[in-house]
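One structure below.
Positions are given from 1, in the same order as the sequence printed here. These values consider heavy atoms only, across backbone and side chains, with no hydrogens, waters or symmetry-generated copies.
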Amino acid sequence: LENTAPNLFYLTSGEVVYYTAALGVVLDKDKLEKKKPCQRFFHGHDDDIKCLAIHPNREWVATGQLGRRPFVCVWDAITCQQLQRIVHPAG
């Protein structure tokens, strides 16, 4: 396995947050079981996400990407809105 870092966490709401490719995903498994729209997406990355961490409040998420311009996005998993972007300095 290439990526053995923790990459799936539960939110205070009971939803699950994870990533795939360049997309942060919040999944409501209760809605999934009822066959209702069940996902929200964070679109702040332009290259594959390589790691994910969750704040102790279980509502804020940090996702990091590699590539030409590595950076970390801190975002609210409830609204899927970016709170902060931390760019890795060139060089």
Side-chain angles (χ1 to χ4, degrees):
L1 295 173
E2 282 186 41
N3 184 355
T4 58
N7 57 16
L8 184 143
F9 295 92
Y10 281 92
L11 303 175
T12 55
S13 63
E15 296 169 301
V16 178
V17 62
Y18 62 96
Y19 62 87
T20 183
L23 199 60
V25 182
V26 180
L27 170 70
D28 184 327
K29 57 188 176 85
D30 294 331
K31 288 183 180 177
L32 176 66
E33 291 170 357
K34 295 175 184 173
K35 301 194 184 305
K36 294 183 176 182
C38 59
Q39 293 179 316
R40 295 188 303 279
F41 303 101
F42 174 71
H43 297 274
H45 289 280
D46 59 10
D47 206 335
D48 287 352
I49 297 170
K50 296 295 184 181
C51 58
L52 182 147
I54 191 161
H55 188 275
N57 72 12
R58 296 221 173 272
E59 291 182 2
W60 297 342
V61 177
T63 45
Q65 74 172 49
L66 294 176
R68 279 190 2 255
R69 296 177 344 168
F71 59 82
V72 172
C73 291
V74 179
W75 51 282
D76 184 311
I78 305 306
T79 64
C80 288
Q81 296 297 307
Q82 183 171 290
L83 303 173
Q84 184 71 43
R85 178 177 287 192
I86 305 164
V87 178
H88 189 278

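- Using a 4.5 Å heavy-atom threshold, the side chains of V25 and Y19 count as separate.
- Annotation: side chain of F9 is not in contact with side chain of H55 (no heavy-atom distance under 4.5 Å).
- Atom CZ of F41 is surrounded by more than 12 heavy atoms from other residues, nucleotides or ligands within 6.0 Å.
- At least one donor-acceptor pair closer than 3.5 Å links the side chain of N57 to the backbone N or O of W60.
- Residues F71 and C73 approach most closely at CE1-SG, 3.4 Å, considering heavy atoms.
- Residue D28 holds its CG atom at 8.5 Å from NZ of K34, rounded to the nearest 0.5 Å.
- Residues R69 and D46 are paired through a salt bridge, judged by an N-O separation under 4.0 Å between the basic side chain and the carboxylate.
- Using bins of under 30°, 30° to 60° and over 60° for the plane-to-plane angle, the ring pair H45/F42 lands in the perpendicular bin.
- Note that CD1 of I49 is 11.0 Å distant from CG of L66, once rounded to the nearest 0.5 Å.
- Using a 4.5 Å heavy-atom threshold, the side chains of V26 and I78 count as separate.
- Here the CG-OG1 distance, from D48 to T20, works out to 8.5 Å after rounding to the nearest 0.5 Å.
- In terms of modelled atom types and a separation under 3.5 Å, the side chain of R85 and the main chain of G44 share a donor-acceptor contact.
- By the criterion of side-chain heavy atoms lying less than 4.5 angstrom apart, applied directly or through intervening Ile, Leu, Val, Met, Phe, Trp or Tyr residues, L27 is grouped together with Y10 in one hydrophobic cluster.
- The distance from atom CZ of R40 to atom SG of C38, rounded to the nearest 0.5 Å, is 10.5 Å.
- A distance of 11.0 Å separates CZ of R58 from OG of S13, quoted to the nearest 0.5 Å.
- The only option from V61, T63, L83 that meets the side chain to side chain contact (heavy atoms under 4.5 Å, CB included) definition with V74 turns out to be L83.
- Note: E59 CD to W75 CH2 = 12.0 Å, rounded to the nearest 0.5 Å.
- The closest donor-acceptor contact from the side chain of Q81 to the backbone of D76 lies at 3.5 Å or more, if one exists at all.
- When hydrophobic clusters are built by joining Ile, Leu, Val, Met, Phe, Trp and Tyr residues whose side-chain heavy atoms come closer than 4.5 Å, directly or via intermediates, L11 is not grouped with Y18.
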